[in-house]
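Within every chain, numbering begins at 1; the chains are lettered A, B, ... in the order of the sequence lines, protein sequences first and strands thereafter. Just so you know, these numbers use all the heavy atoms, side chains as well, and skip hydrogens, waters and symmetry mates. Predicted model only: the values in this text are computed from it and were never measured.
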Amino acid sequence: MSVMRYSAFSIFLNGLRKNTGWTSAWRFPEPKPHYDIIIVGGGGHGLATAHYLAKEHGITNVAVLEKGYIGSGNVGRNTTIIRSNYLLPGNNPFYELSLKLWEGLERDLNYNAMVSQRGVINLCHNDSQFAAYMRRGNAMRLHGVDAELLDRNQVKSMLPFLDFDNARFPIQGGLLQRRGGTVRHDAVAWGYARAADARGVDIIQQCEVTGIRRENGRVVGVETTRGFIGCNKLALAAAGNSSHVAAMADLRLPIESHVLQAFVSEGLKPFIDCVVIFGAGHFYVSQSDKGGLVFGGDIDGYNSYAQRGNLATVEHVAEAGVALIPALSRVRVLRSWGGIMDMSMDGSPIIDRTHIDNLYLNAGWCYGGFKATPAAGYCFAHLLARGEPHATAAQMRLDRFERGYAIDERGLGAQPNLH
Amino acid sequence: MSDFELIHRAVLSSATPLRSERVQLTPLPEGTVLQVFGPAAHAGSLADAAARAGLSLRANGPGQWYLVGDETTTRDVPTELTSGLPDGFTVVEQNHGRVRIAVEGDAVEAVLAKGTGVDLSRFEIGHATTTLIGHISAHVSRTSADRFELMPLRSFAESLWHDLEKMAAEYVVVPSRP
Amino acid sequence: MTSYRLPKGGLIDRSVSLPFTFDGRSYSGHAGDTLASALLANGRRLVGRSFKYHRPRGILTAGAAEPNALMTIGSAGRTDPNTRATMQELYAGLKARSQNRWPSLDFDLGSLNGLFSPFLGAGFYYKTFMWPAAFWEKLYEPLIRRAAGLGRATYESDPDTYEKSWAHCDLLVIGSGPAGLAAALTAGRAGLRVILAEEHPRFGGALLSETATVDGVTAPEFAARCVEELRSLPNVTLLPRTTVIGWYDSNVFGAVERVQKHVAAPVANRPVERFWRIAARHAILATGAEERPLLFGGNDIPGVMLAGAMRTYLNRFGVAPGRRVAIFTTNDSGYALARDLDRAGVGLAAIIDSRLRSDVPYEGPARIIRGAHVTDATGGKSLSSITVTGPGGVETIGIDALAMAGGFSPIVHLACHRGGRPVWSDEHFSFLAPQDLKGIALAGSVTDATGIADCLSQGSAQAVALAGELGVKAVASPTSVSGDIAARPERSVWSIPGVKGKAFVDYQNDVHSADLKLAAREGFGEVELAKRYTTTGMATDQGKLSNVNAIGLLAEARGVSPAEVGTTTFRPFYTPVSFGALTGASTGKRFQPVRKSPLHGWAQRNGAVFIETGLWYRSSWFPRQGETTWRQSVDREVLNVRANAGLCDVSMLGKIEITGKDATTFIDRVYSNGFAKLPVGKARYGLMLREDGMIYDDGTTSRLSENRYFLTTTTAYAAGVMDHLEFCAQAHWPELDVKLASVTDQWAQMSLAGPKSRAILQEIVDDDISDHAMGLLAAREVSLFNSRLKGMLFRISFSGERAYELAVPAGYGESVADALMKAGESHGICAYGVEALGVLRLEKGFVTHAEINGTVVPADLGLGKMVSATKADFIGKAMLAREGLSDPDRPRLTGVMPIDPSASFMAGSHVLSKEAAATLENDQGYVTSVAYSPHLKSTIGLALVVRGPERHGEEVIVWNGLRNETTRGRLCDPVFLDPENEQLHV
Amino acid sequence: MASLVSCPHCGVRPKEEFTIKGAALSRPAADAPYATWFDYVFLRDNPRGRYDEYWHHSSGCRRWLVVTRDTASHEIAACRDVAEKPAVLA
Ligand SMILES: Cc1cc2nc3c(=O)[nH]c(=O)nc-3n(C[C@H](O)[C@H](O)[C@H](O)COP(=O)(O)OP(=O)(O)OC[C@H]3O[C@@H](n4cnc5c(N)ncnc54)[C@H](O)[C@@H]3O)c2cc1C
Ligand SMILES: NC(=O)c1ccc[n+]([C@@H]2O[C@H](COP(=O)([O-])OP(=O)(O)OC[C@H]3O[C@@H](n4cnc5c(N)ncnc54)[C@H](O)[C@@H]3O)[C@@H](O)[C@H]2O)c1
Ligand SMILES: Cc1cc2nc3c(=O)[nH]c(=O)nc-3n(C[C@H](O)[C@H](O)[C@H](O)COP(=O)(O)O)c2cc1C
Ligand SMILES: [Zn+2]
């Protein structure tokens, strides 16, 4: 598999040749009858898992099965925020590993995913929120993660256009992680796909898994819209559809699927240069390199597999936006869409084997799995290759609910639509 | 302190009633508001009891009603009522917990439509229900073709009043903005 | 500058002149103009620059799909970037500025990008800027971001107002062309509740650009008559300037009415935009069809325009598109324009018809070149000539305006918002609406109608059908049309052979045909991937003009039919919607409603400093003369409460009255501790768990009579607890007779704490409240002011002092508080706020939601005894048994104090063992609450620490890396004061 | 459909008048085995298609409802008061 290397030079050469020299970024292989590992889901996590299986563990007889086109799921529709400002020891080292992998991603993949460490700030509006951020920021610092707790004036000098004068819930300060930021979401899927493909992984699009075939308690392969495909190990990375796919192996998960909407405004000249997360309403915003303000809010609140949301939520999000930045009032919203969240019972993910010993699970990412993409792929690959969990994901167990070791960052309990 | 002058403060005492050709807003006297729970089957006898007590009966979901009146009575109305009713009825005093506002005028439906998703042109006279007016939940009853009464929680009354003023603004003539 | 305004014709009022400016230059237009028609009338062609190559761009359409003529209008807080000149009504004094150019529109340095275009193909940025890493944020990205984007938004806040409204109807008609008007009339006449929404200021749609006659009058006249009749019908609501932007579940439509976007100075008591949520039993989509551009080189040069648009400017606005015009058409619609240009006396040089024959006879003077294509256009900032390639060979024709008639794409946008996918029709050579739609029907050129007559009859036919479904009889009235040229749809090629220059597919995002071919070659041929890789259809026009052409090119490249390629997903909004409209009136301080305590006025009179707590404003402290810091006030309040007495507003606590035969059983099941034996007249502290075993909320519940309880919750959880209790009563145990009434707002509640509290209270309470009558946790009704008022009195302490909570009817709250202050004067009473309350409870080690953080079980807080071992069932019982919840290494409640009393620390600091390195592994827990205790003259704190209760006396590090503070601390008993609770009795 | 919900007591109301809790499961008996309890609290079918869900008409009649909804199309098939027995649906 000879792949062409991307660089300014290759662009120059091909430019001279009217760009007719470029070849396909990946193959469109026919499924083989059998693979060592089949990964269900060609989203960020599935593709990253394939990449690290090949790169870190030399396992390349791998197929990624994607029912649509790669990136058609949440990786292709999220608000692209990356950060590692987590509180609990079960999460924090894992997300920091992820941020470190993001920092080296371009060179690892020879693909510019536009990892942009423009800073992420979580605003707080009262003493208890301030104390909560104090606690979280210190947890980050204990793990050597960058964190700064800004007071009102520091926030004001950084973001003067927020509502400081007439706010219903005055801004008291904010937890800033400068290394946080955004990444060009689609490019993440494309970059991992291209790199995995280059190492021999078969990425099979338009191939929906419709059944999981088991023989005496072990998975032997999957039924798909392109026929049966055998495997030694089956790895689920189906995000919002996790319950649906797991059910094919009679597995019931501690997960509900919910719709989360996201929005983009008309293109504007540079308006906001970091990621701002409002603490007194459900709203977060950043500006894409194309100029659109990319923003979102809370999930709609009801179980859904439809990738579309509710008008009430749209209005709710807009209200929060204007409450945070009054000048948004005359900015026009261009488009809204939805994605399906695999909301877990404690708001934290699962990277684990299941009671079926060659069936592995990567799920429960809620609205925070994009930032996790590299580490989720890295740790899931580690688990698949080595059979034991990677140290940073050791607490993301499936049985933690049964045993009473939930990783509940916000302390909201077993009601997914609250997380 | 038997001599102490005990003052009742109406929550909308500082609100000036809004008068315009097509819509009027009026804070109603903080009189009697009773929340009643009981078997829907006996709604009839509750109606009678209400009539006897000179209060108007307003439905509020299954087995739930409000009894309202403009006067504050020193009599112990709740006990009087319950004694006159088949058992299973509970009366909870909300004289101070709920505040009534009248919205009237021929634009009343247009004004309230800015707050509630209830189809007001299908809202019969005498009908009552609880709904969201913007962000504030309030009990709403239609007392005549162009008159509604809103009954929010006391703590929300000032906010709702302010919202209603805004909703009615287009029917109040003011000079144009610079 | 020469005028292109025709001497007569059109729907403009030449007697009214409206001055306006564009890039500082003064122009003048007429009433009825759009900004676009006025600019064209003034001969202004170059109106914008493209996104990537900054190519000169002119006005392409006369409607919502405009990709080029985007301008910034208004100034200061009223700046509106990216306004489509084609949709903006002209008003006197309008100020418009071009965008995305530097230093000027005519000389834009950005256009140099054009020279590098070979290297800026689709997705080039994914292939470079990778090295060195640090350069991305510092250099490359800022460059890209500065170049990208269109208009510049203001940071000033918006002086105008917005509002929302609901509407309900039997039939919502979207679009007021012939189809829409006919539908609305037919349904209106039959008495249905009809709403007709039209994005333009004037009803009539394409009729307004027509020269055909309907029922013997001109098309615009016919439209006017229809509107007149609709106005006369009380059951019809007309919404002009209203764009329906989305179709949502339950047949709810969102619509934006531009109430005052067309005036120089908006009136203050009306919104500039009104957002409608329309609940419609049925809707008829009569949104028409979008004309398709043709893909020849330089198809973006100013002077190139869509044929339908040119016809609109000509017939509706009386504007000549140029002096010497050509029409490039693939179907008969081009001939309607030709006819009208001839009639208007505008020089028509040639009609280039891609077909060898056409159905309509053309008698005009213009040359018809059949079976030919325009392959390239030239002219830079203004069209000068076109190259035509046809059977007769290649020729160049000098012209200054070119019309493109590439066929029509039905505007099915809204019909696809709920998951339906458009279907390709070879016959119509376009995508039609998804099949079997529920709740909406289509009429007119949005479906298969071509001519006016078709549209009219389809409109009323659909109305008749829908009325029928609602059990109403409606009748269609026949109309006669003459002089209409209805064009059959025709097949045509996507990429024109022999094109040399860039043929733009997506004008605004500068995507040209080569980009799509490249995408296909690189593995991005899937339509959604192609969209994301090339950005086709992602600009503010959402591909209204470009998507179908892009699909055609992909189909060609992949050698399949457009049906197989399919469309990308149509999403709300049909056209962009301002945040303001979506927000309505909930802005600034009104973002969310305010809840005010019945004691708010009292607190104000006593000089309270207020703090937002949820929706409430609570008094946090009461500064006095000479106090310069909040700490001084709080310390004074704390000391005074313990020395004398204090009065605190606790009205915000949730209060729930629980009655019914089974009230006791119910309460016993919702709390983890026992309530079955609570005597009448007594209060008890209770713990409410979640079903997962964690503590949900706490509070006291009093038994007022056999079956009447008064339950209190924390302020933050008041609503949640009520929902929860209702859930338990209705869903879990419907068989129990319990009634729940929220009485939070009924009662003003004040906490009177301190050794002098009883004495003060006795001044206003008639009943005997001596300790044997009113012992600890007593709870009963009391009479006040010589039976002038009834209240409820509870002997509850959250401070460790002798304390009472008095609840009185809210309307009397302030008066009673005043009375207590008056009665307390001689006893040295003071008002105290939530800050002091926090210190007082902390000194006693009482927990709040700072400790009840959603991850603690009763035992973690030393409240293990409050989990009944005997009760058969209570919420949370089962899951509490999980091993992890009794893990000895769980963080548990402990006190913590600095070893050096002059030192202090903050809540949110972490706890490390003495001498342990600051690592996550060594993290022992964190400080939940901190206060300065004026009694201990030291900072005190509560903390959740691994094995905390076993480690009292141990020295630890209180670590605050965020503040670079490490404080030597010592773990201790969480009860800092009066462990024997003697103060309760003083 | 989830934009408007038809409350059996109040009629058609917008979504924002309601609070949603999740799967409409019935609480196990106090003495049910641990596994049953764990399943009730933590595991979900999370079906694609018809689904019974608890909605609370919190800004209306304050009754808890069971809304039968399709999670793929959002169509509502039924909406009953939680205290009523499920009606048999076509
Ligand atoms: C609107 C929105 C905003 C978000 N914002 C953020 C954010 O700012 N930051 C952040 O960190 N996270 C965010 N997230 C969450 C994040 O996007 C997801 O957690 C993450 O993308 C999930 O991992 P994934 O990329 O593998 O999922 P996906 O991209 O959804 O991959 C799963 C894939 O599995 C495929 N699949 C499913 N079933 C089958 C089957 N039977 N057979 C074959 N293939 C199948 C799907 O088609 C899909 O492509 C957001 C999500 C959404 C929807
Ligand atoms: N093949 C052809 O020759 C051809 C093709 C297309 C149109 N036409 C002519 O155009 C006319 C088509 O009539 P019609 O009634 O179907 O369409 P129309 O174009 O006359 O009217 C559609 C109207 O809907 C409005 N609209 C579109 N989307 C909207 C939205 N979301 N909200 C509010 N308003 C919206 C448009 O502004 C327009 O005014 C006929 O006269 C027909 O002859 C001819
Ligand atoms: C970060 C980000 C930026 C986006 N920017 C745009 C944009 O500028 N224009 C646009 O039309 N869509 C934009 N989208 C939305 C996509 O067009 C698309 O709606 C989204 O990826 C979901 O896919 P779907 O709508 O095909 O289901 C953006 C999406 C994301 C995640
Ligand atoms: Zn209801």
Q) Under 4.0 Å between a Lys/Arg side-chain N and an Asp/Glu carboxylate O for C:Asp745 and C:Arg595? A)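 Salt bridge present between C:Asp745 and C:Arg595.
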Q. Going by an N to O cut-off under 4.0 Å, is there a salt bridge joining D:Arg69 and D:Asp52?
A.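 No, no charged N to carboxylate O under 4.0 Å.
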Q) What residue in C:His732, C:Arg690, C:Lys877 has the most heavy-atom pairs under 4.5 Å with chain D? A)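 Max contact count across the listed options: C:His732.
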Q | Top contributor to chain D contacts, counting heavy-atom pairs under 4.5 Å, from C:Ala731, C:Ala279, C:Ala881, C:Pro734 | A |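 Of the candidates given, the most pairs with chain D belong to C:Ala731.
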Q) Within the side chain of C:Ser250, is there an N or O that forms a donor-acceptor pair under 3.5 Å with the backbone of C:Val252? A)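 Absent.
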Best-contacting candidate, [options], against chain C by heavy atom pairs under 4.5 angstrom:
options	value
D:Val12, D:Thr19, D:Val41	D:Val41
D:Ala83, D:Ala32, D:Ala30	D:Ala30
D:Lys21, D:Arg27, D:His56	D:Arg27

Q: Please work out whether the ring planes of C:His413 and C:His417 are parallel, tilted or perpendicular, with thresholds of 30° and 60°.
A: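 Judged by the thresholds at 30° and 60°, the geometry between C:His413 and C:His417 is perpendicular.
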Q.
With a 4.5 angstrom heavy-atom cut-off, is it the side chain or the backbone of D:Phe38 that approaches chain C, or both, or neither?
A.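 For D:Phe38, the contact with chain C is made by backbone and side chain together.
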Q) Any side-chain donor-acceptor pair under 3.5 Å between C:Glu257 and C:Trp276? A)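 Result is yes, a qualifying pair exists.
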